K.L.:
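Dropping the structure in here first, questions after.
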Amino acid sequence: MSYPIVILGSGRGSNAEALLKAEVSRQLGQASVVALFSDHEDAGILDLGQKYKVPAIYIDPLKKGAYLSEAAEQNYIERIESFSPRLIVLAGFMRILRHNFINAFGGRVINLHPSLLPSFKGADGIAQAHATGVAITGCTVHWVTPALDAGPIIDQKAVRLEASDTLPQLTKKVQLAEHQLLPDVIARMSRGKLAQEPPEGVKK
Ligand code: GAR
């Protein structure tokens, strides 16, 4: 049984690449990456399309800031729907999506965040943890709701922060944990070992 996923990202795409590599080495369960999307024309994530032979699509956000314009969000919905995904994966997609988007996919939208939520929500989760000086931080995969980084948690992976860790060192550690957690969560979801559907209340 196939489990098509699409990935949305705004940047480098190292997590998208971790998923593509996991698929190549048959570590992604039934899941298969069917398309990559970005709101930045020059984002590294789009370069992965050619490397892994997957459609890589830029859609103009038509707006600066935290949200896509409503017209752009509709464009995303229509283009993504054409791939009939079971799951939408936000891997470094730096935009907040509205109910309309989430409902279009039955609430089956997940996000990767670089902290142990509910701590350190927002754009710079790793820097916030570093500045606060916590002993343990990590990463989280959660269901997406329109409230930023606040949807039900699916799984987390902890990372120990040593007092001597610089921000680049901590960033490396958290990203390594992300590259393990995200493929693992998706593999388990695709095999029915984790909830494949979001809990009540995610879809409105
Ligand atoms: C990841 O660390 C991800 O957790 C973070 O962006 C990075 C994307 O890296 N996402 C957020 O901060 C969302 N609030 P990548 O482009 O190399 O996968």
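Only heavy atoms go into these numbers, but all of them, side chains included; no hydrogens, no water, no symmetry mates. Positions are given from 1 along the sequence. No experiment lies behind these values; they were computed from the predicted model shown. Start at 1 and go down the list; that is how both ligands and their atoms are numbered.
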K.L.:
Quick one: does Ala91 get an N or O within less than 3.5 Å of an N or O on ligand 1?
P.N.:
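No - when backbone and side-chain N and O of Ala91 are compared with those of ligand 1, no distance drops under 3.5 Å.
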K.L.:
Hey, does Val134 have a side-chain heavy atom less than 4.5 Å from the side chain of Phe120?
P.N.:
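Yes. Closest side-chain heavy atoms under 4.5 Å.
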K.L.:
Tell me: protein heavy atom nearest atom 12 (O) of ligand 1, and distance?
P.N.:
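Here the nearest protein heavy atom works out to Pro114 CD, 3.4 Å.
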K.L.:
With a 4.5 Å cut-off on side-chain heavy atoms, are Val185 and Leu194 touching?
P.N.:
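Yes, at least one pair of side-chain atoms sits under 4.5 Å.
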K.L.:
Report, in ascending order of atom number, the atoms of ligand 1 lying under 4.0 Å from any heavy atom of Met94.
P.N.:
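Near Met94, meaning under 4.0 Å from one of its heavy atoms, ligand 1 has 11 (C), 12 (O), 13 (C).
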K.L.:
Select the closest option to atom 7 (C) of ligand 1 among Gly92, Gly44, Ser14, Gly125, judged by heavy-atom distance.
P.N.:
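Among Gly92, Gly44, Ser14, Gly125, the closest heavy atom to atom 7 (C) of ligand 1 belongs to Gly92.
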K.L.:
For atom 14 (N) of ligand 1, which protein heavy atom lies nearest, and how many Å away is it?
P.N.:
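Result: His113 ND1, 3.3 Å.
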K.L.:
Return the residue, atom name and 0.1 Å-rounded distance of the protein heavy atom closest to atom 4 (O) of ligand 1.
P.N.:
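The closest one turns out to be Glu178 OE2, 2.4 Å.
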K.L.:
Is there a donor-acceptor contact under 3.5 Å from the side chain of Arg98 to the main chain of Leu68?
P.N.:
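Between the backbone of Leu68 and the side chain of Arg98 there is a qualifying donor-acceptor contact (under 3.5 Å).
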K.L.:
Would you mind running through ligand 1 and noting each atom that sits below 4.0 Å from a heavy atom of Gly122?
P.N.:
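Atoms satisfying the 4.0 Å criterion: 14 (N).
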K.L.:
Any chance you could measure Ile57, atom CD1, to Tyr76, atom OH, to the nearest 0.5 Å?
P.N.:
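The OH atom of Tyr76 is 10.0 Å from CD1 of Ile57, to the nearest 0.5 Å.
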K.L.:
Would you mind reporting whether Lys193 and Met189 have side-chain heavy atoms less than 4.5 Å apart?
P.N.:
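Side-chain contact under 4.5 Å: no.
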K.L.:
Would a 4.5 Å heavy-atom cut-off, applied to side chains only, mark Pro146 and Phe101 as touching?
P.N.:
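Answer no - side chains too far apart.
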K.L.:
Side chains of Leu20 and Val24: closer than 4.5 Å at any heavy-atom pair?
P.N.:
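A side-chain contact under 4.5 Å is absent here.
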K.L.:
For atom 16 (O) of ligand 1, what's the nearest protein heavy atom and its distance?
P.N.:
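Here the nearest protein heavy atom works out to Gly13 N, 2.7 Å.
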K.L.:
For atom 9 (O) of ligand 1, what's the nearest protein heavy-atom neighbour? Residue, atom name and distance, please.
P.N.:
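Of every protein heavy atom, Asn15 ND2, 3.8 Å lies nearest to atom 9 (O) of ligand 1.
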